[in-house]
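Data block below; observations after.
By convention in this document, chain letters (A, B, ...) are assigned in the order of the sequence lines, proteins followed by strands, and residues within each chain are numbered from 1.
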Number of protein chains: 2
Amino acid sequence: MEKTGSIKKLLGNRIRELRRETGLSQEDFADKCGIDRSYMSGIERGVRNPTLEILWAISGGLDLDLSHLFMFETNTKEEIETTPCDS
Amino acid sequence: MEKTGSIKKLLGNRIRELRRETGLSQEDFADKCGIDRSYMSGIERGVRNPTLEILWAISGGLDLDLSHLFMFETNTKEEIETTPCDS
DNA sequence: TTGTGACTCTTAGTCCGTC
DNA sequence: AGACGGACTAAGAGTCACA
């Protein structure tokens, strides 16, 4: 529980996870998003509080819709692509 | 097109739309989210660039998951509650 | 009931490093 | 390859009076 205790950590972990799926290093990924590497490090560690435009840049770097960044509960990629609706 | 031209306006419009569905005034809604009315006004108009924690507070005020704030293409509420999966 | 400009204070965000 | 710090500039947080 206490997942609402740190939305920053929650998002940071999700971003890190998604970045690793791309195979990029933190630095290369930050560069692709157009933001500073040390700042990206802080975001992934959950110590930064990024703005909407930064989040937008990150979602762009991941080639994902912004809403997908915030799907913490699921495995994201799998859930998006399989859409398990048949029960 | 050019929807990526202003993510702030896009989100602001979505928040305003979602707030109006709740029947709350800007002031009452801002109060529920724990932020200032004039600040909320700026967000809805797309002139502010809110941080993750502000967005988190807004999603809480709407009783929605953060990811739902960013579902711009759909009618949101309807899509969420009916989950049209059978086809 | 909301938009808006102006304002102070804090922090987002960059750039330089070291470990 | 990534954590982490210092110093810095730009911009957001938060509030007010007034349209």
Side-chain angles (χ1 to χ4, degrees), chain A residues 4-70 72 76-77, chain B residues 3-64 66-70 72 76-77:
Chain A
T4 65
S6 184
I7 184 64
K8 292 184 294 188
K9 286 219 172 73
L10 202 55
L11 181 71
N13 287 337
R14 186 61 35 171
I15 288 173
R16 169 162 294 174
E17 193 176 310
L18 291 167
R19 171 180 63 80
R20 283 178 171 160
E21 288 182 16
T22 69
L24 291 173
S25 70
Q26 217 176 56
E27 183 164 20
D28 287 342
F29 179 60
D31 189 57
K32 184 177 181 187
C33 295
I35 68 185
D36 190 75
R37 76 177 158 76
S38 71
Y39 190 54
M40 180 65 80
S41 171
I43 291 172
E44 288 193 358
R45 282 177 289 128
V47 299
R48 292 287 190 158
N49 186 24
T51 63
L52 174 62
E53 292 192 334
I54 291 289
L55 296 171
W56 174 245
I58 290 172
S59 73
L62 289 165
D63 290 309
L64 284 178
D65 191 88
L66 246 177
S67 64
H68 297 153
L69 275 187
F70 299 100
F72 307 122
T76 315
K77 272 278 192 69
Chain B
K3 62 172 57 169
T4 64
S6 183
I7 184 64
K8 292 185 292 188
K9 288 219 172 71
L10 201 54
L11 182 70
N13 288 336
R14 187 60 34 169
I15 288 172
R16 169 162 294 175
E17 193 176 308
L18 291 168
R19 170 180 64 81
R20 284 178 170 160
E21 289 181 16
T22 70
L24 292 173
S25 69
Q26 213 176 60
E27 183 163 23
D28 287 341
F29 178 61
D31 189 56
K32 185 177 181 187
C33 295
I35 68 187
D36 190 76
R37 175 193 71 76
S38 70
Y39 186 55
M40 181 65 78
S41 171
I43 291 173
E44 287 192 358
R45 282 176 293 127
V47 299
R48 295 279 192 159
N49 185 23
T51 62
L52 173 62
E53 292 192 334
I54 293 287
L55 297 171
W56 173 246
I58 290 172
S59 72
L62 288 166
D63 290 309
L64 284 177
L66 247 176
S67 64
H68 297 153
L69 275 187
F70 300 100
F72 307 121
T76 316
K77 270 277 191 71

* Structure fact -> In short, B:Lys32 meets B:Gly61 closest at the heavy-atom pair NZ-O, 3.2 Å
Kindly say if [X] contacts the phosphate of [N], meaning a side-chain N or O under 4.0 Å from OP1 or OP2.
| X | N | value |
| --- | --- | --- |
| A:Ser41 | D:dA3 | yes |
| A:Arg19 | D:dG2 | yes |
| A:Arg16 | D:dA1 | no |
| A:Arg45 | D:dC4 | yes |
| B:Asn49 | D:dG12 | yes |

What is the distance, to the nearest angstrom, from the [atom1] atom on [X] to the [atom2] atom on [N]?
| X | N | atom1 | atom2 | result |
| --- | --- | --- | --- | --- |
| B:Asp31 | C:dT1 | CG | P | 13 Å |
| A:Glu27 | D:dA3 | CD | P | 12 Å |
| A:Asp36 | C:dG17 | CG | P | 13 Å |
| B:Leu55 | D:dG12 | CG | P | 12 Å |
| B:Ile15 | C:dT2 | CD1 | P | 14 Å |
| A:Arg20 | D:dA1 | CZ | C1' | 10 Å |
| B:Glu53 | D:dG12 | CD | C1' | 12 Å |
| A:Ile35 | C:dC15 | CD1 | P | 12 Å |

* To do: Between B:Arg48 and B:Asp28, just flag the one whose closest nucleotide in DNA chain C comes earlier from the 5' side.
  => B:Asp28
Working to the nearest 0.5 angstrom, can you tell me the gap between [X] [atom1] and [Y] [atom2]?
| X | Y | atom1 | atom2 | result |
| --- | --- | --- | --- | --- |
| B:Leu24 | B:Asp31 | CG | CG | 9.5 Å |
| A:Ile15 | A:Leu62 | CD1 | CG | 7.5 Å |
| B:Ser59 | B:Ile54 | OG | CD1 | 11.0 Å |

* Within-4.5 Å side-chain heavy-atom neighbours: A:Thr22 and A:Asp63 -> no
* Side chains of B:Arg16 and B:Arg45: closer than 4.5 Å at any heavy-atom pair? ->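 SC-SC contact between B:Arg16 and B:Arg45 confirmed.
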* Asked: Bend across the helix from C:dT2-D:dA19 to C:dC19-D:dG2, to 10°, with axes taken over 5 pairs at each end?
  ->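 One end's axis against the other's: 50°.
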* When you match B:Leu52 and A:Gln26 each to their closest nucleotide on DNA chain D, which lands nearer the 5' end? ->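 Its nearest nucleotide being more 5', the pick is A:Gln26.
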* Does the base of D:dC4 carry an N or O that pairs as donor and acceptor with the side chain of A:Ser38 under 3.5 Å? -> no
* Is there a donor N/O on one and an acceptor N/O on the other, under 3.5 Å, for the side chain of A:Arg37 and the base of C:dG13? ->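 A donor-acceptor contact between them is absent.
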* To do: Would you check if the side chain of B:Arg14 reaches a backbone N or O of B:Phe72 as a donor-acceptor pair within less than 3.5 Å?
  => yes
* Answer with base, sugar-phosphate or nothing: what part of the nucleic acid does A:Ile54 contact at a heavy-atom distance below 4.0 Å? => sugar-phosphate
* Other residues, nucleotides, ligands: >12 heavy atoms within 6.0 Å of A:Gln26 CD ->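 For A:Gln26, atom CD is crowded (more than 12 foreign heavy atoms under 6.0 Å).
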